[in-house]
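Okay, structure first, notes after.
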Amino acid sequence: MAKVISLSIVLASLVLSFSAYAQTNDTSLANISQSDLEAGQGRYRVLCARCHGMLGEGGEGPSLKRARLIHAPNDEALFSVISNGIPGTGMPANWALGPSDLVQIAGYVKSLGQLEAEEIPGDAIRGRLVYETKGNCSACHIVSGIGRGVGPELTEVGMRRNIAYLRESVTNPSADQPRVSDRRKGTLNSFLTVRAVSEYGVYEGMRINEDEFSVQMRDIAGDIYSFEKSKLISYEKNFGHSLMPGYGVTLSEVEIDDLVSYLMNLKGEN
Amino acid sequence: MLRRVIYRHVNFCRISFCKIIVAASVSLLCVSSFADTSYEQLLADEQNGDDWLSYSGGYRSERFSPLAQISPANVADMKVMWAYQMQPTGISGAGLQESTPLVANGIMYLTESPSSVTALDARTGNLLWHWRPEISNEVLNIGFPRINRGVALLDESVYVATLDARLFALDAGTGAVRWETKVAENSVGFSLTLAPLALDGKIVVGVSGAEAGVRGYIDAYDSATGERLWRTFTVPEPGEPGSETWQGDAWQTGGGSTWLTGSFDAELNTLYWTTGNPAPDWNGDVRPGDNLFTCSVLALDPDTGEMRWYFQYTPHDTHDWDANQIPVLIDAEFEGEQRKMLALANRNAFYYLIDRESGEFLLGEPYSYQTWAEGIDDTGRPIVLPNSEPTREGNLVWPSLQGATNWFSPSYNPRTQQFFVPNRRMGAIFYKADAEYTPGAPFLGGGEQALDGDNATGAIVALDAMTGLQQWEFELLTPPWSGVMATAGGLVFASSNEGIFFALDARTGNPVWNFNSGAHIRTNPMGFAVDDKQRVAIIGGQTLFVFGVE
């Protein structure tokens, strides 16, 4: 299984002052130098590329080759997203970046926005049909309020992920191992399958929460269970094992393209 | 004379109340005055289970409660007796609580982030007073959150060090300011987050700021007037002893913060204080040499601040492995000889014993997984492995920059000679980058990608204090950020990131009680007694919980 590495750059006590960056706000990204852009690319490759792609094409994080970023409509917001992350999502904070690093990285991210966006394959309208009928995806996912919430909500999935990632999610669900940044626990696997064996039977589900003494999970029927670990016969984490069936065989290439196109268009609007 | 909590109600003459008063003076029974926290009381803090008068529960910093009412036999019945909710400050970035409450004469004193002080009736949790200094939203705290770890008590005052680098003396009965003094310049990155240490007529504090390239120091102030008595720099200037371990001007921005409370041996009249990383953190190229006296413990004359000896744990550190952990003073037989020792579980993953009269190195054993040193040689110097330095491309090393442990307290049970340590088991990819010093800005020279969350774990480990060998461990889901307290009742209290406060059987490490606080716990537990009943306190999130058995 691929080892997952969190990208949060953290300091001695995990958090850096916001005010240290106040000065960056005056710095315009408009006339950033070529050498700063190159330095920014170097930092980006180290800190960002694993989620946003070497060329900004996205992956576990969205493509950054977009002229308008939802969480970063202006320079100030972009500085904030990079240094503070987006709490509760997979976008981690980078507290330890100094003002000049921040300007360089932000400048490079902005330059990616001027590149041409990747072309989305397939047909979103036909994809919606696959989603609703043959795929029966709403048996496990909610989009704009409709469906059952066994797997993650997909209403905004097109904002979170990129084409290659979504294709893999559909064809080989066990391969996607996205993470979520938790302020207190660090970077956690967003979708972790856990297996608990108690005297009443075997339970498999997606981990919802866990501490030293108990674990909460949701099974494929959507039921929520809470177990006291000391009362279990065994408890394991199944990294890289998804509860979602793979559709690589049941759907055709074209149907998958269409489905991915539909998913990429899910941006939170109804 | 100072007003203190006197319980004027129906129960007033119950024996249990009167005991608290009797402890002060029989003649003052049922009169509203108490002796204050005297230096003599501070000297006896370790033996007195009713109070908790200084950050680590006594000058030896054992964080051990001599109370034994609560034990593995009855801890299952332990319940919340009262809770106190912290007060919002409106200061952005404040809200993480790392304070250890103190209890003296029935009053509990704690700090709330960033620098407020609260006094509570230790019996009910009712507020007696709350004091909040003006702290600007623009205050600099480079490399750590806007927190405070607690107060010091001496005579009629409560002492608090503030995030903007001031030291205040407050009237212990009302919170009124007696004096205030500026310890350091916040605009260049100095800050104070530690609980001060009260000695006889003196208040000792240390500074944070190595991530901003400050030159660290330890200060002592006259407890009555706030006048500075001495200042000892942790990085020598050219010509001073230790300056041969620096080149050029690097010493001026050399770091060596002193951000955690020290320990004190009254008999040897020696103060023990630890120091942090050299600056910049991860790029050591700009500061060749051992970089004394960073990542060390210093033995100081408390009257003059003069250094008697030093011991450097991590020479020329490039991983931010501060030695700002609690130095625990232990008197015991080591390899057949009775010795006065200083034990420290270091952020660099080794447990050390040194002789605290001479500074002689005695023992250095790994207590956590690490990949940077083959071991510690006979002089106490680490035998560093190749390829353990930060690089431009990144280099995976254990432990991470937060270390195998950190500021949060260990605990030592002198009766069983067990040393309990919260342990972080996490590696990180360390990066080196250019570092340019700008006053008041981060001066780091790199960073890390931590292997955290589901790729890291933690544990509470029990070590034999004389050998450093592990007796047992209790595994935690993620690397902890909170301290431990052992008790004479045979328990070890500890907490997790997941928000669980729990008790382990000190002999086996088996969990015997747990409580979900509902939020991240990043404080140390402490213990005291009211009405002759043992109490244990912890802060989870914004709430202070006090537990007991009915």
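Letters A, B, ... are given to chains in the order of the sequence lines, protein chains preceding strands, and every chain is numbered from 1. Given the structure is predicted, the values throughout are model-derived calculations rather than measurements. Scope of the values below: all heavy atoms of this structure, side chains included, with no hydrogens, waters or symmetry mates.
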Discussion item. Using 0.5 Å steps for rounding, measure from the CZ atom of A:Phe213 to the CZ atom of B:Phe515.
Written reply: 13.0 Å

Practice prompt. Please look at B:Glu436 and chain A and tell me whether the side chain, the backbone, both or neither of the residue comes under 4.5 angstrom of a heavy atom of that chain.
Written response: neither

Worksheet entry | From CG (B:Leu477) to CG (A:Leu188), nearest 0.5 Å | 8.5 Å

Discussion item. Just so I know, are the side chains of A:Glu212 and B:Asn514 near enough to count as touching, which here means a heavy-atom distance under 4.5 Å?
Written reply: no

Worksheet item: Under 3.5 Å, is there a donor-acceptor pair between the side chain of A:Asp211 and the main chain of B:Glu498?
Response: no

Worksheet item: Are any of the side-chain nitrogens in B:Asp454 or A:Arg207 under 4.0 Å away from the carboxylate oxygens of its partner?
Response: yes

Worksheet item: For B:Ala210, is it the side chain, the backbone, both, or neither that has a heavy atom closer than 4.5 Å to a heavy atom of chain A?
Response: neither

Discussion item. Using a 4.5 angstrom heavy-atom cutoff, name the option from B:Ile500, B:Asn324, B:Asn277 with the most pairs to chain A.
Written reply: B:Ile500

Worksheet entry | B:Phe474 versus chain A, the contacting section by heavy-atom distance below 4.5 Å | side chain

Worksheet entry | Residue pair A:Val46, B:Gln449: steps toward the side chain to side chain contact (heavy atoms under 4.5 Å, CB included) verdict | CA-CA 9 Å; A:Val46 167; B:Gln449 287 172 210; 3.9 Å; yes

Worksheet, complete the sentence: Applying a strict 4.5 Å limit to non-hydrogen atoms, the region of B:Leu476 in contact with chain A is both

